[in-house]
Amino acid sequence: MINNDSTITNEKQYKSNYNRSTNKNQISPIKSTAELGYLDSTRVCGDERYTELSCVLICSICQNILWKPVACVTCENAFCRGCIQTWANKQKQPRQVTCPFNCMFQEKRAPPILNILLSKLRIYCVYAPNGCGQVLSYDALEGHEQTCQYERTPCQICQKPVSHRDQNDKHELRQCFKEIYDRNPDYVQVQFIKLLDVIETSQRRIQALEKLLGIRSQENK
Ligand SMILES: [Zn+2]
Ligand SMILES: [Zn+2]
Ligand SMILES: [Zn+2]
Ligand SMILES: [Zn+2]
């Protein structure tokens, strides 16, 4: 739950996360809010006016700020859509789902007032630890994160910023070595690429043999 202290120190906390990850040589990929399915309350921009407001906006399942909330038709409590779905899926009798407050659960739209209150929140982009300085409205958050350039994290080998969101932007070992070679056309880089050729050729031969023997390749699983 949010208390006064946590909201005031939010900014500090989120920035210290930022420092912690940039101090390391390797930055691990960060999932977007939509992928996570929850909104950590430390990401709410520290404005005291919203401290009490934020308390009302907590999901009782994940204890984070409601993300895409829906409500229980009986008790009208709201939950993140993802949270209540996971909750319902865990129950033994799928036809008699109870909400966390023990009433028969049926999903209904979250009360409009909740969405109005949520829209007043200002939230740090999930990629702030990678250096994004944007603070966004609740409603603009998802759209921003879909295009935020700070989603990219440096490749651990060549340091080129690589997207984990964009599947078309796949960074494979060959591109990686080429990246290093382009920067520093050293003989050792050429050797790396030749080595990769050898590895790939033998991989293809193994796959062909596996196919012949009817063994399913590990990679195709
Ligand atoms: Zn939740
Ligand atoms: Zn209920
Ligand atoms: Zn951003
Ligand atoms: Zn690379």
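Both counts, for ligands and for their atoms, begin at 1 and track the order of listing. The analysis underlying the following values was restricted to heavy atoms, covering all of them including side chains, and did not include hydrogens, waters or symmetry mates.
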Problem set entry | Where the Zn ion (ligand 1) is the vertex, angle from Cys83 SG to Cys80 SG to 10° |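 An angle of 110° at the metal.
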
For this session: Please work out the angle at the Zn ion (ligand 4) defined by atom SG of Cys158 on one side and atom SG of Cys176 on the other, rounded to 10°.
Result: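 About 110° at the Zn ion (ligand 4).
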
Problem set entry | Flag for Asp40-Thr42: side-chain donor and acceptor within less than 3.5 Å |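 There is such a pair between these side chains.
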
Problem set entry | Sidechain N-carboxylate O distance under 4.0 Å for Glu145, Arg43 |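 Salt bridge: yes.
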
For this session: Indicate yes or no: does Lys160 engage Asp182 in a salt bridge with an N to O separation below 4.0 Å.
Result: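 The answer is no: the pair does not qualify as a salt bridge.
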
Problem set entry | Angular separation of SG (Cys99) and SG (Cys103) seen from the Zn ion (ligand 2), to 10° |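 With the Zn ion (ligand 2) as the vertex, the angle is close to 100°.
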
Problem set entry | Shortest-distance N, O or S atom of His171 relative to the Zn ion (ligand 4) |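 Atom name of the closest N, O or S in His171: NE2.
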
Problem set entry | Close side-chain approach of Pro129 and Tyr150, heavy atoms under 4.5 Å |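 No. Closest side-chain heavy atoms not under 4.5 Å.
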
